[in-house]
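Letters A, B, ... mirror the listed sequences (proteins, then strands); counts begin at 1. Being a predicted model, the structure only gives us computed values, none of them experimental. All values below were derived from every heavy atom in this structure, side-chain atoms included, with hydrogens, water molecules and symmetry-related copies excluded.
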Protein chains: 2
Amino acid sequence: MALFLSTHQNKIDKKGRVSVPASFRAQLSEESFQGLVLFRSNVHSCLEGFSFSYMQEIGSRLDDFDLFSAEQDDLATSIFGTAVQLSMDGDGRIILPQDLIDFASLDEKAAFVGMGAKFQIWNPANFEQRRDVARQAVQSKGLTIPKGVPKGDRNE
Amino acid sequence: MALFLSTHQNKIDKKGRVSVPASFRAQLSEESFQGLVLFRSNVHSCLEGFSFSYMQEIGSRLDDFDLFSAEQDDLATSIFGTAVQLSMDGDGRIILPQDLIDFASLDEKAAFVGMGAKFQIWNPANFEQRRDVARQAVQSKGLTIPKGVPKGDRNE
DNA sequence: GCTTTTCCCATGATATCCCATATATATCCA
DNA sequence: TGGATATATATGGGATATCATGGGAAAAGC
């Protein structure tokens, strides 16, 4: 499973290209499809990035809903209908579609933020505020990571 | 299994032709039959699009209903009875039958909406409303993608 | 005959590929 | 240790391929 770590700021050139951080590429390179999937965050004005196989995993889980059920339809519309599949060029760059650039208020720089199994893409200035808010929330609420469930009992 | 992602708007020319989005074509090209199956949605005023092999999957799921039951008869009629099999020309275009154009209220543009294993074709304006409704439903009902729980152990 | 469908080619926009360069990091050898 | 060389990364730009779309010619149906 991919593990995206740390924050990297890369430039968006005038063709709309951004280099995916090399360490993220290393995580994605284990994939059969050399690329990634982006969609709009439901919470923040940022983009969320996943490996292609993670989307396939979501796709097969959606298959467990009844076909044509309202739940399946709503989820598939809001997840797959708004996702964008991007391939990387030989130098590890993707082209950000204009509507996603607008959604995340990106201009000349994009901050790639590792979130473990996924990552986010932020306008660097907006992310600094978000990071401060998140850190305060963790402190004030005393948030912790739940302890590990034995491997055999996990929902994976 | 095919995985249809993202939303693409393509023009319907005066011959009734529409380009199937290139990424959808790539998914369909793995199929033995180079084409797709369309039928009327039972829920929305849009068209449902499937690969031929996924139609076979639907057929086998329908077999789980009692043969000759009223439900099986209704579903089979509304799905298979209205389905059309369309082939693509050398440039990846299909010709939409007039009755399907009318059913989905299509005019000069068609929005191809990826839904994972299937896709939908919408009038772009109608889809924007549908997308907003779906997003609200996901948030208000708290819908999430279920974790991969073994089939018998679910709380559904 | 005429209409409708299928096939083929042209075109502009865009994405992709390929190579060049700058900068940073790592490696090596005296 | 220190300096030189090699490697990896990010970025820029030009050449090429792909895609969506339009239109015409050939083929098929009525």
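- Axis orientation changes by 40° from one end of the helix from C:dG1-D:dC30 to C:dA30-D:dT1 to the other, with each end axis drawn from 5 pairs and the value rounded to 10°.
- Aromatic ring orientation, B:F24 versus B:F119: tilted (interplanar angle from 30° to 60°).
- Atom CG of A:D91 and atom P of C:dC19 are 11 Å apart (whole Å).
- A salt bridge is defined here as a Lys NZ or Arg NE, NH1 or NH2 lying under 4.0 Å from an Asp or Glu carboxylate O, and B:D91 with B:R93 meets this definition.
- Test B:L106, B:V18, B:L47 against B:I101 for side-chain contact (heavy atoms from CB on, under 4.5 Å) and you get one pass: B:L106.
- Spacing between atom CZ of A:F112 and atom C1' of D:dT11 amounts to 14 Å, rounded to whole angstrom units.
- Atom CG in A:D89 sits about 10 Å away from atom P in C:dC18, given to the nearest Å.
- Here the P atom of nucleotide D:dA10 and the CD1 atom of A:I94 are 12 Å apart, to the nearest Å.
- For A:D73 and B:H44, the side-chain atoms include at least one donor-acceptor pair closer than 3.5 Å.
- Annotation: proximity of residues 5-21 of chain A to DNA chain D (heavy atom, distance under 4.0 Å) is found for A:N10, A:K11, A:D13, A:K14, A:K15, A:R17, A:S19, A:V20, A:P21, numbered in ascending order.
- Salt-bridge formation is not detected for the pair A:D74/B:R131: no Lys NZ or Arg NE/NH1/NH2 atom is positioned less than 4.0 Å from an Asp or Glu carboxylate oxygen.
- In this entry the distance linking CE of A:M88 with P of D:dT9 reads 12 Å, nearest Å.
- Between A:S87 and the phosphate of C:dT16, there is a side-chain N or O to OP1/OP2 separation shorter than 4.0 Å.
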Give the intermediate values and the outcome of ring-ring contact (aromatic ring centres under 6.0 Å, His included) for residues B:F39 and B:F50. CA-CA 9 Å; B:F39 56 88; B:F50 291 84; 5.4 Å; yes
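- Side-chain N/O atoms of A:D132 and A:Q136 include no donor and acceptor closer than 3.5 Å.
- In this pair, B:W122 and B:F127 present their aromatic rings tilted. The plane angle is within the 30 to 60° band.
- Side-chain N/O atoms of B:R93 include none lying less than 4.0 angstrom from OP1 or OP2 on C:dC8.
- In this structure, the CZ atom of A:R25 is 9 Å from the C1' atom of D:dA8, given to the nearest Å.
- In this structure, A:Q72 and A:D66 approach most closely via the heavy-atom pair CB-O, 3.5 Å.
- One can place CD of A:Q98 at 10 Å from P of C:dA15, the figure rounded to the nearest angstrom.
- In this structure, the CD1 atom of A:I95 is 14 Å from the P atom of D:dG12, given to the nearest Å.
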